[in-house]
There are 2 protein chains.
Amino acid sequence: MAKRQLKLGAFMRPVSIHTGAWRYPGAVPDANFNYPLLKRLIQKLEAGKFDAFFMADHLAVLNMPVEALKRSHTVTSFEPFTLLSALAASTSHIGLIATGSTTFDEPYHIARRFASLDHISGGRAGWNIVTTSNPDAALNFGLDDHMAHDERYKRAREFFDVVTGLWDSFADDAFVRDVDSGIYVDPDKMHVLDHKGQYLKVRGPLNIARPVQGWPVIVQAGASEPGKQLAAETAEAVFTGGGSLKDAQALYADIKGRMDRLGRNRDHLKILPGAFVVVGDTLDEARDKRALLDSKVHYASAIASLSVGLGVDASGFDPDGPLPPLPETNASKSGQERLVALAEREKLTVRQLAQRVGGYGGLSFVGTPASIADEMEEWLVTEACDGFNVMFPFLPGGLDDFVDKVVPELQRRGIFRTAYEGTTLRENLGLSRPENRFFARGSGKIPQAV
Amino acid sequence: MAKRQLKLGAFMRPVSIHTGAWRYPGAVPDANFNYPLLKRLIQKLEAGKFDAFFMADHLAVLNMPVEALKRSHTVTSFEPFTLLSALAASTSHIGLIATGSTTFDEPYHIARRFASLDHISGGRAGWNIVTTSNPDAALNFGLDDHMAHDERYKRAREFFDVVTGLWDSFADDAFVRDVDSGIYVDPDKMHVLDHKGQYLKVRGPLNIARPVQGWPVIVQAGASEPGKQLAAETAEAVFTGGGSLKDAQALYADIKGRMDRLGRNRDHLKILPGAFVVVGDTLDEARDKRALLDSKVHYASAIASLSVGLGVDASGFDPDGPLPPLPETNASKSGQERLVALAEREKLTVRQLAQRVGGYGGLSFVGTPASIADEMEEWLVTEACDGFNVMFPFLPGGLDDFVDKVVPELQRRGIFRTAYEGTTLRENLGLSRPENRFFARGSGKIPQAV
């Protein structure tokens, strides 16, 4: 039996999640908003056989203190569909995953744009379903009050049903285009959805042929109870937050267990933790790169992040001394303990610890191609993940290092592809093409329950 | 003084407005939905120095009798933003104009997507503001009743103010990206719109830098009273319906007169009638092409269109005989007279007349490169237009004929460019770049009236 292989996404909005990335030597300061650079990066990722290029999205300038806002390299960016469509024209195999909000957009628009991206890219689109938790976004869409969390998830579930129903508006063979008879489309192979639900009323049909993939790949990222349930019911890839190996194994077992109970094949959903990867030719070089990168984080912002992480106001601590003994706190004990242990293990000053947390505090693999491959392989074989959504420390160097050095090491071990399995995102992720819910292949309309 | 020159748009959704286009010998039946072909076509239009590629839009499968629906080659198509963004990546000078609805979309989404397309294309985006009159669209967006015409226009005016205000969220020089100091954006050069109007409530700021063109070019198409007024107040290009030379001159004088009264420079709005162009090496060849094209129109659909045009049920007429004497009718007398005159002038049978009307009944230039250039020049010099939005009879042949044969003739006469004037759509249309309403160039924030 062939070895189980990693699936790799590239988390490209923000291009680097690290707040100091744009100041790193050799980095391109406007990377997040530089189309020629983004085109070069996606072509490099495709050469590295990445499964997908992922654009998160925000529907607002994120609400942050002005001291943080003025230092943020990701406060503005391209809109995902315009960017991914342009990049589709310059690539041939890599998947294109965009975030689409079920709270601040319309299912007819969402269904149409993803279907269109799927056609233009030859079957490479994926929809990251988000419910948008940012209350600032509500204010950009005429709403004073943000919808409650549970309401958002109920609406998301109905929204998913409507969008997938709209994608199934036409049978795969509806467009006959018979020049002699003059028949362009078979009207018996068009379905009017006529959805009337708790939150949405949408007639249909969608004014675009069924997507190449049947449905674009369904992606989720929520970690809450309703988020995990929605993922187990509907998702084909899940982006998770990373964290410890043990936590990741527990989450993996949780979501795949829900799938078992729903009768879904557990291979039909790929769990991809976000992993921040810094590559060096030696372990010391990798650590030095990260230390240099962290040193670019503004101290006042960093110390605010550290204070949140510790549950203690750290602004009075000596920046260049070790972390002092901490007073009792009601905040997360495990979070505080993790940071104290990190500072001791790596002998970090308060400043260095703050800049680590303020730069990027989540799951990180910092080392040589071999040590990074070791860690990734361990996560894969111990069922902590099916792959990773890779975050790069700075651009273009950090991405080039990963593709040029880590990818060949993963390939040498047989845990990453050396050639794309197919031309669609589904084929590369090993996902089946959904049947049309209204039309059986090669025959007529499926009777619907009323 | 240099000769006044034509501006030329290509009306590409539908790729051909003619209902028989997909059945023409040598035509590509799925042209409307064939990305590689559309890429070849836009590159040809760019080689021909066209100002813009225009995608109309519909937010529904248009409601039509099933006999017409099943023969329609434009019932489905790409979504405009995904298509134009992909095409932006394969072109460098031609403008990219998309329709965006003020009735069924949100100003934050519209502002963001057009800004993003403008950045990705290097300043080539245009927004065709439509209020969407199709009641079927309402049913796809949860609404039973379509908004009344006047309400739609009032909302459109406010929507325009919000979108342009969002485009002005950042001063042109807001992004300093100073690596040494760590300052990425100057927060004093960011404006929070905080719009609260009759129809819309939008806080802002937009999460994207100001568009390359300041604002994408503003396009309109409404011919109603409020439509013409909105155009005179806000538009920089207007697509009109064509019709007779005299009607076009009257509309031209009407809209430019409204601009005079508003204190706007009349050169800052280009009036572009839609013109269906069939090119032949001889007049007979052009007429034969059109007759062959018209013969591809389904008779039952065509006779329905003719009945509407005549205001009389024509379904009982002898298809192969001449138009019989018509009974009195309450319907448009001028429309009926125009069709009777056309049938007499060109000696058309009922079938031929019906297929002419059912294929495309609007302004047409059918002839040799010289005769077409004569007509276009007459329209230009007699102030019936500033150029045309050209509609091609079939693809790719009809488009290739125009670029290869008519464009050189227009250039020879000095009434069309031989090289692009600039790299942005504004530069090519001769439109100025709007000032930011909140920030004076090179200085600070403009005080706002409260």
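By convention in this document, chain letters (A, B, ...) are assigned in the order of the sequence lines, proteins followed by strands, and residues within each chain are numbered from 1.
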> Does some side-chain heavy atom of A:Ile97 sit less than 4.5 Å from a side-chain heavy atom of A:Trp127?
Replying inline: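 No - every pair of side-chain heavy atoms lies 4.5 Å or more apart.
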- Could you check if a side-chain atom of B:Leu166 sits within less than 4.5 angstrom of a side-chain atom of B:Leu193, using non-hydrogen atoms only?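 Touching, per the 4.5 Å side-chain cut-off.
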Measuring heavy-atom distances to chain A, does [X] have an atom under 4.5 Å in its side chain, in its backbone, in both, or in neither?
X        : result
B:Asp194 : neither
B:Asp118 : neither
B:Ser181 : backbone
B:Asp178 : backbone
B:Leu83  : both
B:Leu38  : neither

Among [options], which has the most heavy-atom pairs under 4.5 Å with chain A?
options                     : answer
B:Lys39, B:Arg112, B:His119 : B:Arg112
B:Gly204, B:Ala60, B:Ala89  : B:Ala60
B:Phe175, B:Tyr108, B:Phe78 : B:Tyr108
B:Pro187, B:Ala88, B:Ser77  : B:Ser77
B:Ala209, B:Ala86, B:Pro80  : B:Ala86

Top of [options] for chain B proximity - count of heavy-atom pairs under 4.5 angstrom:
options                              : value
A:His298, A:His109, A:His58          : A:His109
A:Ile208, A:Val176, A:Val297         : A:Ile208
A:Gly20, A:Pro36, A:Gly122, A:Gly142 : A:Gly142
A:Val66, A:Asp30, A:Val61, A:Asn140  : A:Asn140
A:Phe81, A:Tyr24, A:Tyr35, A:Phe33   : A:Phe33
A:Leu84, A:Asp105, A:Leu200          : A:Asp105

Between [Y] and [X], do the side chains contain a donor N or O and an acceptor N or O under 3.5 Å apart?
X        : Y        : answer
B:Thr82  : A:Ser85  : no
B:Arg13  : B:Asn32  : no
B:Arg71  : A:Tyr184 : no
A:His195 : A:Glu158 : yes

Has B:Ser72 got a side-chain atom pairing as donor or acceptor with B:Leu69's backbone, closer than 3.5 angstrom?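 Not confirmed, B:Ser72 side chain does not pair with B:Leu69 backbone.
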* Asked: So, A:Phe141 versus A:Phe104, ring centres under 6.0 angstrom or not?
  ->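 Yes.
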Handout entry: Partners passing side chain to side chain donor-acceptor pair (under 3.5 Å) against B:Tyr199 (at least two apart in sequence or in another chain)
Key =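 By the side chain to side chain donor-acceptor pair (under 3.5 Å) rule, B:Tyr199 matches B:Glu151.
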Exercise. Side chain to side chain donor-acceptor pair (under 3.5 Å) between A:Arg124 and A:Thr91: does it pass, once the steps are laid out?
Worked result: CA-CA 10 Å; A:Arg124 295 187 282 134; A:Thr91 52; 2.9 Å; yes
(request) Please state whether the side chain, the backbone, both or neither of A:His73 comes within less than 4.5 Å of a heavy atom of chain B. (result)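 Both parts, backbone and side chain.
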query: Non-hydrogen atoms of chain B under 4.5 Å away: do they reach the side chain of A:Leu59, the backbone, both or neither?
result: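 The answer is both parts of A:Leu59.
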- Message: Show the nearest heavy-atom pair for residues B:Leu395 and B:Ala31, with the distance to one decimal.
- Response: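 Minimum heavy-atom contact is CB-CB, 4.2 Å.
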Walk me through whether B:Ile94 and B:Ile42 qualify under side-chain contact (heavy atoms from CB on, under 4.5 Å). CA-CA 8 Å; B:Ile94 193 167; B:Ile42 195 171; 3.8 Å; yes
